[in-house]
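Structure first, commentary second.
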Amino acid sequence: MIKTETYGDISTQEHARQRGRRSPVEVSIEVTHRCPLECQHCYNNLPMSDPQARKDELTLEEYRRLFDELVEQGCLWMLFTGGEIFARKDFLEIYTLAKRRGFLITLFTNGTMITPRIADHLAEYRPFAVEITLYGATRETYETLTRIPGSFDRCMTGIRLLIERGLPLKLKTVPTTVNYHEVYEMKSFAEKLGVEFKFDPLVNPRTDCSQSPLNVRLTPEQAVALEFRDPTRMAEYVRLFEHERATAHIPAPKTRYTCGGGQMGCAVDPTGKMTICVLSHQDGYNLRDGSFREGWEGPLQQIRATRSRGETVCTHCQIRSLCSMCPANGELENGDAEAPVDFLCQVAHLRAFSVGIQVPEHGNCSCCAGGAHHAELLASAERLKNNAADFQKVAPFPRSSSLLPVLETRGGCSAGGCSSCGTQLR
């Protein structure tokens, strides 16, 4: 049995606590940015054969040292993501090193590179969860987004191999203009398999500053229309708003970062750069220059404590719990951690207007009364409310006869290989 390392008779978390330090609970590790797919919406994928990317990646020995340091720091949860994690030929060795140290591990993958050997290894060294990103419910849609012929069938084979071994699988998608019409077909497919399904309509610019993924980002109305299909999701937005309104008297933090990044956890990119999250790359610490502890207690805490320059339209907004805005999104979209992202602001306000929330005034907001987007958002909300009954039908979109045929019980599965993206939802 694989056991968590201990110091005497106390756990690593307790050991860190007794030393009077805040320990990282979770770490996200991007083992590579290389990927066999060329997804239109991806924010960090590089070609499989990229020689510089391969050369710059942390080695197996560097990961061994990192995992030992994370044990010392009391880390419990670990996420392996990419790129595509299985693009690294030595990924199973990296994974097993981490598993033997007792971390609770989640894997993000597109499933297209999973083979029987990989699936067997995961069955022996069982992860906490495996999350595979779907890019469409049909071969045509899937491969239009991934731009790789044959990737649909390889993904289906990967899913089958994991299910056959009873591994803890979850499916998810990132809705785009390419696969928008098949999101709930993907959900139905997951339900037939008996696995959890989720989606997040947020598409980010690339971490190399390219804005190309935004070409397939949904409109605010399309994004919220997908959510309207789930009444419980919309009810949750009302609950979140009521909680936020009840706590509005609490002064807003004066620091730039108010999330859990650099506080509960952090991220490590393929080259060993340590940052507060996988999306925030403007500041960080190179683990090749020192230890994890030095980065965690030094630069990351300094980044975390960075004071905000001043108030923005977000500062006094009371629907922030309905919004995905964070400094990392500001960095990617505007080159400025404190610059609000207009798309996210529109989505948050449309969510509020669609469930009847009156948004309290919070400055010169383009989405509130008198703002440039206000009338357009109200019209969108009215359309959504008028169509709510249709949205919430069991199968409101036309069903395709070719819905993921590879895994239908009456059909077979090709004997070929199989292959995620997925870091945000990837």
Side-chain angles (χ1 to χ4, degrees), residues 24 26-39 42-73 75 78-98 101 103 105-110 113 204-210 213 261-262 265-304 327-328 331-332 335 337 420-424 426:
E26 57 186 355
V27 174
S28 297
I29 298 179
E30 296 177 299
V31 292
T32 183
H33 284 162
R34 294 180 292 116
C35 182
L37 306 183
E38 299 176 2
C39 297
C42 191
Y43 65 92
N44 69 6
N45 59 320
L46 295 175
M48 284 285 286
S49 60
D50 189 312
Q52 192 60 49
R54 189 191 303 269
K55 179 182 177 182
D56 291 342
E57 291 167 3
L58 293 176
T59 66
L60 185 63
E61 286 307 309
E62 286 175 315
Y63 277 118
R64 190 188 306 275
R65 188 194 77 171
L66 173 59
F67 297 157
D68 287 343
E69 292 177 346
L70 289 173
V71 168
E72 165 71 15
Q73 294 299 301
C75 179
M78 184 171 290
L79 165 67
F80 283 117
T81 183
E84 169 50 47
I85 57 177
F86 295 111
R88 283 196 61 146
K89 293 181 179 180
D90 61 351
F91 176 71
L92 288 182
E93 294 177 81
I94 295 171
Y95 170 75
T96 307
L97 283 176
R101 282 157 176 76
F103 298 112
I105 300 173
T106 296
L107 305 177
F108 282 4
T109 173
N110 57 37
M113 299 187 74
N204 295 305
R206 287 181 58 88
T207 53
D208 62 10
C209 300
S210 169
C266 63
V268 177
D269 80 2
T271 69
K273 183 178 181 180
M274 185 177 173
T275 58
I276 68 167
C277 76
V278 294
L279 293 179
S280 180
H281 288 268
Q282 288 192 352
D283 298 298
Y285 173 77
N286 190 343
L287 288 171
R288 283 172 164 157
D289 293 336
S291 69
F292 181 91
R293 178 178 177 180
E294 289 169 343
W296 176 258
E297 296 184 353
L300 259 67
Q301 297 314 307
Q302 294 168 15
I303 294 168
R304 176 75 199 183
E331 291 172 7
L332 288 176
S420 149
C421 241
T423 300
Q424 145 203 73
R426 286 195 80 75

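Position 1 is the first residue of the sequence; numbering continues from there.
Annotation: side chain of Lys273 is not in contact with side chain of Leu287 (no heavy-atom distance under 4.5 Å). No side-chain heavy atom of Phe103 sits less than 4.5 Å from a side-chain heavy atom of Val27. The shortest distance between side-chain heavy atoms of Val31 and Tyr95 does not fall below 4.5 Å. Between Phe80 and Thr106 the shortest side-chain heavy-atom distance does not fall below 4.5 Å. Between Leu97 and Leu60 there is a side-chain heavy-atom pair separated by less than 4.5 Å. With a 4.5 Å cut-off on side-chain heavy atoms, Ile276 and Arg304 do not count as touching. Contact of the Leu92 side chain with the Asp90 side chain is not registered, since no non-hydrogen atoms from C-beta on lie closer than 4.5 Å. Side chains of Phe292 and Cys75 form no contact here, defined as non-hydrogen atoms less than 4.5 Å apart.
Looking at Glu62, its side chain does come within 3.5 Å of a backbone N or O of Thr59 through a donor-acceptor pair. Between the side chain of Ser210 and the backbone N or O of Arg206 there is no donor-acceptor pair closer than 3.5 Å. Without hydrogens or angle criteria, Gln301 side chain to Gly262 main chain gives a donor-acceptor distance under 3.5 Å.
Nearest heavy atom pair, residue Ile85 against residue Phe91, reads O-CB, 3.4 Å. Contact record, Trp296 with Gly265: CZ3-O, 3.6 Å, taken as the closest heavy-atom pair. Taking all atoms of both residues into account, the shortest heavy-atom contact from Asn44 to Gly83 is OD1-N, 3.4 Å. Between Arg288 and Leu58 the shortest heavy-atom distance is NH2-CA, 3.4 Å. The minimum heavy-atom distance between Ser280 and Thr275, with the atom names listed, is O-CB, 3.1 Å. In terms of heavy atoms, Ser291 sits closest to Glu69 at CB-OE2, 3.6 Å.
Under 3.5 Å, the side chains of Asp269 and Thr271 contain a donor-acceptor pair of N or O atoms. With no hydrogens or angles considered, no side-chain donor-acceptor pair links Asp283 and Gln302 at under 3.5 Å. The closest side-chain donor-acceptor pair between Tyr285 and Glu294 falls under 3.5 angstrom.
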Could you please spell out the steps behind the side-chain contact (heavy atoms from CB on, under 4.5 Å) verdict for Met78 and Phe67? CA-CA 10 Å; Met78 184 171 290; Phe67 297 157; 3.9 Å; yes

Would you check, one step at a time, whether the test side-chain contact (heavy atoms from CB on, under 4.5 Å) holds for Tyr63 with Val268? CA-CA 11 Å; Tyr63 277 118; Val268 177; 5.7 Å; no

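The CZ atom of Arg54 lies 7.5 Å from the OG atom of Ser49; values are rounded to the nearest 0.5 Å. Here Cys35 contributes atom SG and Leu46 contributes atom CG; the two are 9.5 Å apart, rounded to the nearest 0.5 Å. Here the straight-line distance linking atom CD of Glu26 with atom CG of Leu70 works out to 12.0 Å at 0.5 Å rounding. Taking CG of Leu332 as the start and OG1 of Thr207 as the end, the distance is 7.0 Å to the nearest 0.5 Å. Between the CE atom of Met274 and the CG atom of Leu66 there is a distance of 8.5 Å, given to the nearest 0.5 Å.
The pair Glu57-Arg88 counts as a salt bridge, with a side-chain nitrogen and a carboxylate oxygen less than 4.0 angstrom apart. We find that Glu84 and Arg34 are not joined by a salt bridge, their nearest charged nitrogen and carboxylate oxygen being 4.0 Å or further apart. A salt bridge does not link Glu61 to Arg65: none of the charged side-chain nitrogens sits closer than 4.0 Å to a carboxylate oxygen.
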